[in-house]
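Because only heavy atoms are used, hydrogens play no part in the values below, and waters and symmetry mates are left out as well, while side chains stay in. Throughout, protein chains are lettered first and strands after them, A, B, ... in sequence-line order, and every chain is numbered starting at 1.
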Number of protein chains: 2
Amino acid sequence: MNKDPESTRTKIMNAAESIILDKGFGGTTVSNVIEQAGVSKGAFFHHFSSKAELGEELVQRYADQDAEHLEQTLRKAEGLSDDPLQQMLIFIKLFEQEIESLEKPFPGCLFASYLQQSELFDPNILDIIRESMLLWRTRVLDKLKKIEQEHPPRRDVDLESLADMLMVIFEGSFVLSQSLNENRVIAQQLSNYHSYLKLLFGPDK
Amino acid sequence: MNKDPESTRTKIMNAAESIILDKGFGGTTVSNVIEQAGVSKGAFFHHFSSKAELGEELVQRYADQDAEHLEQTLRKAEGLSDDPLQQMLIFIKLFEQEIESLEKPFPGCLFASYLQQSELFDPNILDIIRESMLLWRTRVLDKLKKIEQEHPPRRDVDLESLADMLMVIFEGSFVLSQSLNENRVIAQQLSNYHSYLKLLFGPDK
DNA sequence: TGTAACATACCGACCAGTTGGTATGTTAAT
DNA sequence: ATTAACATACCAACTGGTCGGTATGTTACA
C-alpha cells in the first residue's frame, strides 16, 4: 500500500488544474486527468467522489493559495516602506517582478476559467471565487484609504473601483497575454496601474 | 422547403453563442444547441459540417461584429470633437454609456471564452482572435500618437501598452462583473481608464 | 406551360466511441 | 483481520456524427 496517499491526491489535482487551464472544466475528462497524473480510475474515484468534487477542491485549494500569496506579498511590501503609497507601489512592483521572472507562458487563472463556464458549477463554487476577489478588493481598499489620508489625490476618484482595478488589470492582462503569447503584457499593464496611482497620489513634479 | 434557410443558420449560431458564453465550448453539446435553437440534428449538420466548424464560424462572426463596433464607435467619437484627446475620452465614454444602458447582465466575451479553452481550437481560430485584439491596439495606438503630439504627457509612458490597456480593462472587468454579477464595475473601470488618460495628457489644474 | 431533373433544407433513427461513475477485486501496512 | 489505497473490468447514458428519406423549391427544355 502507498505510504503517501496525499501525493497521489496532489498528483491528480495538479494534473487536473493544468489541463483545466488549457481546456476548461467542461473540456476536461477524467480520463485526461488520470492519464496525465499517471494513476488509475480507481485511484481517482477513491480520492474524489466525482468530477464535480474535484472541481470544488481545486478552486478551494487555488483560493487558499491565492489568499496566501496576496497576504504574503502585502506583508513583504509593508516591510519595505512606512509610507502607504510606497507600500502600494512596491506591492505592484513585486508582482511585476514575479511575472517577469517566469520563463514559461503564464498558465492562466483558474477563477477566470471557471467563471467563463459558470453554468457548469454549483453556486457555492462561484461564492468561493467571489470571496477571493473581494479579499483583494478589501486589502487594496484599506491601503488606498491610508494613502488618501496622507496624499490628497490629484483628482476625485472612487477608491473601491480603484482597488478593483488591480484584479481587473490582472485578469485582463492574463487574457491578452494568452492571446499574444507574451507574458510581458502582464508586467506592462501592472506598470500602467503603478503609473496611474503615482499620478493620482504622487507629488507634483 | 424553408424560404429562409439563413434564419435557421442564425438561430443555431445565436443559440450556440449564448450557451457557449455560459458553459464554454467544451461544456456545450450539439444537443444543447439544437434544443435551444428549436431545430433538428439533421438541420444542424446540414448547415455545419461539425461542431468545430460551428465554433469557427461563431468567432468569425463575432470578430466581424467586434471590428464593426470598434470602427463605428471610433467614427462617432471623431465626429464629436476635433481634438484627439477629446475624441479618445469621448470614445471611452461611449462604451461606458453602452454598458450602463444594459438591463441584463453582460453576457461575456466570446474571445475570452475561447482563450480559456485554447487547446480545444485550431490555431487559425486563435489567429482570428489575436488579429481582433491587435486591431484595437492599432486603432487606439494611432489615436494616442496624435494625442501625444498635441498634449505632452505628464509622465513617460509606453503608448502601445497604454493602447492595450483598453482591451485589458474590458476583459478584466468582464471577469469581475461576471463574478460579482454587476455590470456597473465595467463602466467604473472604463472610467478609471478615462481618468488615467486625462491625468496623463490633460492640462494641469 | 408542363414536367423531368436536380438542388436545397430538413428530419429523426441510428452508430461507434466516449463519458462519468461503479462493482469487485488485490495488495500491503497496521 | 481489518482497512486504506489502489487496480481492473465493466456499465448505462450520452457524445458527435452519419444515414436514408422526404418535402419543397429551381432550372431547362419540349
For A:Glu53, what residues pass the salt bridge (charged side-chain N to carboxylate O under 4.0 Å, His left out) criterion, not counting sequence neighbours? none

With no hydrogens and no angle check, is any side-chain donor or acceptor of B:Ser179 less than 3.5 Å from a backbone partner on B:Leu176? no

Determine all donor-acceptor pairs shorter than 3.5 Å in which one atom belongs to a side chain in residues 82-95 of chain A; sequence neighbours excluded.
from	atom 1	to	atom 2	distance (Å)
A:Asp83	OD1	A:His151	NE2	2.8
A:Asp83	OD2	A:Leu85	N	3.4
A:Asp83	OD2	A:Gln86	N	3.0
A:Asp83	OD2	A:His151	NE2	3.4
A:Gln87	OE1	A:Lys143	NZ	2.8
A:Gln87	NE2	A:Ser81	O	2.8
A:Lys93	NZ	A:Glu96	OE2	3.2

Under the salt bridge (charged side-chain N to carboxylate O under 4.0 Å, His left out) test, which residues partner B:Arg130, sequence neighbours left out? B:Asp127

Listed in order of residue number, which residues of residues 43-62 of chain A have a non-hydrogen atom at under 4.0 Å from DNA chain C? A:Phe45, A:Ser50, A:Lys51

Filtered N/O pairs between nucleotides 14-18 of chain C and protein, under 3.5 Å:
none

Could you list the donor-acceptor pairs under 3.5 angstrom formed between side-chain atoms of residues 111-119 of chain A and any protein atom two or more places apart in sequence or on another chain?
from	atom 1	to	atom 2	distance (Å)
A:Tyr114	OH	A:Gly55	O	2.7
A:Ser118	OG	B:Gln178	NE2	2.9

Separation of A:Asn32 atom CG from D:dT15 atom C1', in whole Å? 15 Å

Contacts of type salt bridge (charged side-chain N to carboxylate O under 4.0 Å, His left out), residue B:Glu17, not counting sequence neighbours: B:Arg61

Distance-only donor-acceptor hits, side chain of residues 36-48 of chain A, under 3.5 Å, sequence neighbours excluded:
from	atom 1	to	atom 2	distance (Å)
A:Ser40	OG	A:Gly42	N	3.4
A:Ser40	OG	A:Ala43	N	3.1

Separation of A:Ile34 atom CD1 from C:dG21 atom P, in whole Å? 13 Å

Got a sec, which residues hit side chain to side chain contact (heavy atoms under 4.5 Å, CB included) with B:Asp158, two or more places apart in sequence or on another chain? A:Gln188, B:Glu160, B:Ser161

